[in-house]
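A short write-up of the structure that comes next.
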Amino acid sequence: RRPGFLTTEFNAGKIVSYVHPMKLLMFISLLFFLFFFIMVGKELDTLKVAMDNINDTSFTDIKALNNQKDIGEASKWTPILVLLLTPFMALLCRIFYHRRRISYMGNFVFVLHLTSLSFIVLTAFILLCTYLPDQGRIWSWLFVLYMLLYTTGASHRVYPGTGWVK
């Protein structure tokens with residue numbers, strides 16, 4: 001509702017009033033990856049059945065099956081990459097917004113909150129694409145647009161005086 005509000009409250013020292021950002025990220029990522037692996041598991045089961053019937057498939061079907069196999073392989077590394085890239089993203093925020101005098105931990109909290117939100121929105125995106133697949137392109141654009149607008153608004157709140165409008 002208010003981008004960056006939780007981060008500014010946490011950085012202002014109102015730590016007790018809210019869930020700790022690391023606990024929030026761990027809980028949301030646990031739910032997201034549980035959901036994600038269930039969804040990918042269904043897709044991989046479909047892949048195995050299709051591979052058994054390989055004689056009945058065309059070249060484009062085989063190409064689609066290989067793409068699903070690649071998604072399955074990449075998905076097992078996704079949780080590790082997210083956890084490893086989070087501190088790096090905080091370092092990038094620290095470098096880009098060095099004039100704001102926000103500590104590395106303040107930037108880290110911002111990235112934790114942003115990552116938690118992206119898992120929530122990505123879950124909604126996956127559900128929409130699963131149950132309403134005909135509008136997949138629309139959902140993709142809405143996902144990208146929402147994350148872009150939310151990140152911009154959160155950045156303006158957490159790092160005041162940044163951007164084109166001051």
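Since the model is a prediction, treat every value here as computed from it, not as a measurement.
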Single-linkage hydrophobic cluster [X]~[Y], side-chain heavy atoms < 4.5 angstrom:
X      : Y      : value
Met105 : Ile95  : yes
Leu149 : Leu122 : no
Met22  : Phe88  : yes

State, with a plain yes or no, whether a side-chain heavy atom of [X] is found less than 4.5 Å away from one of [Y].
X      : Y      : answer
Ser155 : Tyr97  : yes
Leu6   : Phe10  : no
Phe119 : Val82  : yes
Met26  : Leu83  : yes
Val121 : Phe143 : yes
Val111 : Cys93  : yes

Give, for atom [atom1] of [X] and atom [atom2] of [Y], the distance between the pair rounded to the nearest 0.5 Å.
X      : Y      : atom1 : atom2 : result
Phe35  : Leu30  : CZ    : CG    : 14.0 Å
Ile102 : Thr7   : CD1   : OG1   : 9.5 Å
Phe125 : Ser140 : CZ    : OG    : 3.5 Å
Tyr146 : Trp139 : OH    : CH2   : 14.5 Å
Leu117 : Thr151 : CG    : OG1   : 7.5 Å
Thr8   : Tyr159 : OG1   : OH    : 11.5 Å

Please name the pair of heavy atoms, one in [X] and one in [Y], separated by the smallest distance, quoted to 0.1 Å.
X      : Y      : value
Gly153 : Pro3   : C-CB, 3.7 Å
Ser103 : Arg94  : C-CD, 4.2 Å
Pro21  : Val109 : CG-CG1, 3.7 Å
Leu24  : Val19  : N-CG1, 4.0 Å

message: Is it the case that over 12 heavy atoms from other parts of the model lie below 6.0 angstrom from the OH atom of Tyr104?
response: yes
query: More than 12 non-hydrogen atoms from neighbouring residues, nucleotides or ligands closer than 6.0 Å to CE on Met89, yes or no?
result: no
Residue pair Phe108, Thr86: steps toward the side chain to side chain contact (heavy atoms under 4.5 Å, CB included) verdict: CA-CA 8 Å; Phe108 189 64; Thr86 302; 3.8 Å; yes
